[in-house]
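Before any comments, here is the structure.
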Amino acid sequence: MPSIQPIKAARGVRDILPKDRAAWAVVERGAVRAARRYGYQDLLVPIIEPLELIERGVGGDTDVVRKEMYRLEPHSDSSARLALRPEATASVVRAYFEGGLNQAPQPARLFTLGPMFRHDKPQYLRYRQFYQFDVEVIGDGAAPFDAEVIEMSKGWLTDLGLARISLELNSIGDQACRPAYLEKLTAYYRPLKDQLHYDCQRRIESNPLRLLDCKEEQCQPFKSGAPKITDNLCEACAAHFEEVRRHLDAGGIEYRLNPYLVRGLDYYTRTVFEYQHTALGGAQNALGGGGRYDGLAAELGYPATPGVGFAAGLDRIVAMLAEEGEEVVPAPPARVLVLPATPEQNLAAAQVGRLCRSVVACAVDYTSRSLKAKMRSAAKTGVPIVAILGEDEAARQVVQLRDMHSGEQAETSWDRLPEAFA
RNA sequence: GUGGCUAUAGCUCAGCACGGUUAGAGCACCAGAUUGUGGAUCUGGGUGUCGUGGGUUCAAAUCCCACUAGCCACCCCA
């Protein structure tokens with residue numbers, strides 16, 4: 001009779017259920033551990049940000065801004081235009097200035113974990129709400145910081161147990177050398193315009209760097225003849241790139257030079273890098289990446305301040321861990337489960353639960369099922385110990401403690417319960 | 001934004017090509033198999049808008065149309 005369609009989760013989002021949460025926790029704890037080991041500090045930044053922060057930060061010609069933004073409807077004409085953040089770097093840079101971190105000893109080493117939002121068409125490992133681990137070093141432009149961010153993120157991934165990942169590395173120059181390079185690049189591509197696909201024809205004028213990482217079949221033949229950015233770096237950028245590589249080599253970090261690696265966000269200068277997983281195909285193989293963004297702060301209206309960062313998608317990393325056979329067995333929710341034989345003993349069972357909780361996680365089965373059914377249910381949850389409480393035990397203030405693995409059972413008085421689990 | 005696939009029990013699906021008895025299976029869940037004690041086995045327990053709306057027909061889960069939702073792929077990203 002009351003037949004409405006059950007309300008389902010919004011398109012492109014999902015729940016991480018308790019059985020999967022343990023694997024997520026491993027990945028998150030690993031991220032926190034890796035960052036702290038290098039002296040990075042945790043912070044939280046808002047999920048909603050001024051639209052302009054994102055547009056100016058990420059770049060107006062990126063897909064992220066052009067078609068994937070979650071814009072919030074303004075409450076009134078005078079209220080600020082807001083959007084859900086599609087990435088965290090611009091927010092962290094903003095927080096760095098607004099929170100006065102620019103006045104503390106430099107650079108600031110920061111990290112944060114949280115959800116990001118992009119209105120893509122959902123598919124395998126592509127969600128509209130996904131989770132990122134984000135690391136930033138703001139306030140100094142030295143090359144070793146680039147290498148440190150890479151080393152730290154790589155260490156995180158390998159410590160988790162991921163083996164089938166590759167690291168791609170490139171430098172895309174800066175204000176000094178990139179304009180001249182882009183001239184060369186557009187000069188090369190302009191005569192070929194007719195043979196490029198629609199988006200690339202537009203990119204020649206709007207964002208020529210992105211011609212390099214186009215994956216369209218018809219654009220591929222022209223890439224090898226295109227001038228390479230790494231052959232056109234200014235002296236400072238070339239020296240910077242070389243120093244990054246020296247540090248990576250000294251640290252034993254393997255990487256593959258990829259002169260076509262560009263990244264999808266406009267704010268990068270000099271170093272860019274990306275982690276890919278060999279089990280993932282197409283354009284979805286990116287687990288994470290990052291780079292230097294020495295022009296970002298100024299773009300947001302703050303004093304010019306260099307920075308370098310890294311972000312990775314937790315959804316994909318969790319999935320790739322499972323893909324590589326890393327199993328995370330979730331712990332039973334409680335170590336002790338109290339089983340009143342009948343509802344008559346519920347009050348006594350609650351009291352036993354209180355006593356146990358001074359030392360262990362303890363749940364009580366208040367259902368009206370038979371004791372046999374409660375035992376069956378307890379076995380399935382994997383709880384290692386049950387405390388059985390019948391009329392007789394309740395009267396004498398004792399319980400039968402049963403080890404669910406060995407089947408051994410012994411009587412214990414209530415006042416000795418804490419020491420029984422210590 | 002473009003394309004493909006799917007929609008039947010809480011979950012995974014069969015049934016649909018040749019429309020026609022009370023629409024099935026497995027899993028999960030609940031109960032029971034002598035007195036208050038588990039994972040095995042056995043037994044019992046399901047009226048589910050057959051995604052929604054319309055059409056064809058004596059008759060539609062089954063054929064036709066529209067819509068909606070989900071999944072997968074392309075583009076791009078994480």
Side-chain angles (χ1 to χ4, degrees), chain A residues 1-14 58 61-68 86-89 114-134 153 197-200 203 207 210 213-217 219 262-265 274-277 280-290 310-320 337 339-345 365 367-394 399-409:
Chain A
M1 190 203 84
S3 56
I4 59 163
Q5 290 292 323
I7 298 168
K8 302 285 188 60
R11 185 162 159 76
V13 306
R14 60 172 181 164
V58 173
D61 190 56
T62 56
D63 285 350
V64 169
V65 164
R66 279 176 42 230
K67 49 189 195 189
E68 296 170 5
E87 59 100 47
T89 300
M116 308 296 159
F117 303 85
R118 294 184 197 172
H119 191 99
D120 267 14
K121 203 138 181 179
Q123 65 189 68
Y124 177 59
L125 292 183
R126 259 254 303 281
Y127 305 100
R128 290 180 174 178
Q129 174 174 339
F130 58 100
Y131 296 82
Q132 282 192 339
F133 169 42
D134 187 271
S153 50
H197 90 286
Y198 172 79
D199 269 334
C200 278
R203 283 170 180 157
N207 199 349
R210 307 229 54 208
D213 78 337
C214 176
K215 312 264 190 327
E216 282 291 325
E217 190 68 41
C219 303
V262 168
R263 306 280 305 153
L265 310 177
E274 187 169 298
Y275 295 101
Q276 301 181 352
H277 195 274
L280 287 171
Q284 257 154 264
N285 59 3
L287 291 184
F310 160 80
L314 302 186
D315 304 75
R316 288 183 187 175
I317 287 165
V318 170
M320 289 308 102
L337 180 63
L339 303 185
T342 75
E344 309 282 313
Q345 283 83 50
D365 188 340
T367 63
S368 59
R369 300 173 289 183
S370 66
L371 183 60
K372 180 196 277 271
K374 288 174 187 171
M375 284 294 288
R376 208 185 346 250
S377 170
K380 276 188 190 172
T381 65
V383 68
I385 299 167
V386 297
I388 298 162
L389 187 65
E391 190 179 358
D392 171 56
E393 284 88 352
V399 292
Q400 305 292 336
L401 280 190
R402 183 179 179 86
D403 183 311
M404 294 298 276
H405 292 296
S406 65
E408 284 171 33
Q409 188 168 311

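Residue numbers begin at 1 in each chain, while the letters A, B, ... track the order of the sequences.
- If you check B:U22 for Watson-Crick or wobble pairing at under 3.5 angstrom, you find it has no partner at all.
- Counting non-hydrogen atoms under 4.0 angstrom, A:Phe130 reaches a base of the nucleic acid.
- Atom CG of A:Asn285 and atom P of B:C74 are 11 Å apart (whole Å).
- Pair check for B:A17 finds none; no Watson-Crick or G-U wobble contact set falls under 3.5 Å.
- Comparing the C1' positions of B:A61 and B:G19 gives a spacing of 10 Å, expressed to the nearest Å.
- At the phosphate of B:G32, OP1 or OP2 sits under 4.0 Å from a side-chain N or O atom of A:Ser370.
- To the nearest 0.5 Å, the span separating CG on A:Asp315 from CG on A:Leu287 amounts to 11.0 Å.
- Considering CG of A:Leu125 and CD1 of A:Ile317, their distance stands at 11.0 Å, rounded to 0.5 Å.
- Remark: P of B:C72 and CG of A:Leu125 are 8 Å apart, rounded to the nearest angstrom.
- Using a 4.0 Å heavy-atom cutoff across all strands shown, A:Tyr131 reaches no nucleic acid atom at all.
- Rounded to whole Å, the P atom of B:A17 lies 15 Å from the corresponding atom of B:C65.
- RNA chain B is contacted by both A:Ala9 and A:Asp315; A:Ala9 maps to the nucleotide lying nearer its 5′ end (nearest heavy atom per residue).
- Rounded to a whole Å, the NE2 atom of A:His119 is 18 Å from the P atom of B:C76.
- Separating the P atom of B:G24 from that of B:G45 is a span of 13 Å, rounded to the nearest Å.
- Look at B:C63: its Watson-Crick or wobble partner, with both distances under 3.5 angstrom, is B:G55.
- Interatomic distance, A:Arg11 CZ to A:His119 NE2, rounded to the nearest 0.5 Å: 8.0 Å.
- Taking atom P in both B:G15 and B:U8, the straight-line distance is 14 Å, to the nearest Å.
- Residue contacts for A:Asp63: at a heavy-atom cut-off of 4.0 Å it reaches the sugar-phosphate backbone alone, with no base atom in range.
- Atom-to-atom, CD of A:Gln123 to P of B:A69 comes out at 18 Å; the value is rounded to the nearest Å.
- Between A:Arg263 and B:A78 there is a side-chain polar atom (N or O) within less than 4.0 angstrom of OP1 or OP2.
- The side chain of A:Pro122 lies closest to B:C71, out of B:C71, B:A73, B:A78.
- A:Gln132 comes within 4.0 angstrom of the backbone, heavy atoms only, and of no base.
- Considering only heavy atoms from C-beta on, A:Pro86 stays 4.5 Å or farther from A:Glu68 through its side chain.
- Backbone-only contact: A:Ala373 has heavy atoms under 4.0 Å from sugar-phosphate atoms and none from a base.
- Across B:U12 and B:A7, the matching P atoms stand 12 Å from one another, rounded to whole Å.
- In a base pair of the Watson-Crick type (N1 to N3 plus N6-O4 or O6-N4) or a G-U wobble (N1-O2 and O6-N3), with each distance short of 3.5 Å, B:C29 is matched with B:G45.
- When the nucleotides B:G70, B:A73, B:C75 are ranked by their closest atom to the side chain of A:Lys67, B:C75 comes out on top.
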List the steps, then state whether side chain to side chain contact (heavy atoms under 4.5 Å, CB included) holds for A:Arg128 with A:Arg14. CA-CA 9 Å; A:Arg128 290 180 174 178; A:Arg14 60 172 181 164; over 6 Å; no
Using a 4.0 Å heavy-atom cut-off, write out nucleotides 35-46 of chain B from 5' to 3' as B (base contacted by protein), S (sugar-phosphate only) or - (no contact). -BBBB-------
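- For B:C76, the base has a donor-acceptor partner in the side chain of A:Arg126 [N/O atoms by modelled type, under 3.5 angstrom].
- Using C1' as the reference atom, B:G20 and B:A25 are 23 Å apart when rounded to the nearest Å.
- Base engagement by A:Lys121 is indicated by at least one non-hydrogen atom pair under 4.0 Å involving a base atom.
- B:G48 and B:C11 are spaced 14 Å apart, taking the P atom of each and rounding to whole Å.
- Between the CZ atom of A:Arg316 and the C1' atom of B:C76 there is a distance of 10 Å, given to the nearest Å.
- Taking A:Phe117 as the reference, nothing meets the ring pair (Phe, Tyr, Trp, His ring centres under 6.0 Å) condition, with sequence neighbours excluded.
- A side-chain donor from one of A:Gln400 and A:Glu393 sits under 3.5 Å from a side-chain acceptor of the other.
- Put simply, CZ on A:Arg369 is 11 Å from C1' on B:A31, counting in whole angstrom units.
- Proximity of A:Met375 to A:Ile388: side-chain heavy atoms (C-beta onward) are separated by under 4.5 Å at one or more points.
- Across all strands shown, B:G70 forms a Watson-Crick or G-U wobble pair with B:C5, both key distances being under 3.5 Å.
- Base-pair partner of B:G38: not found among the strands shown (Watson-Crick or G-U wobble, both distances under 3.5 Å).
- Atom CD of A:Glu68 is separated from atom P of B:C76 by 11 Å (rounded to the nearest Å).
- Between the P atoms of B:C50 and B:U43, the separation comes to 31 Å (whole Å).
- Rounding to the nearest 0.5 Å gives a distance of 9.0 Å between CG of A:Leu389 and CG of A:Leu339.
- The CD-C1' distance, from A:Gln276 to B:A78, rounds to 12 Å in whole Å.
- A salt bridge is defined here as a Lys NZ or Arg NE, NH1 or NH2 lying under 4.0 Å from an Asp or Glu carboxylate O, and A:Asp365 with A:Lys374 fails to meet this definition.
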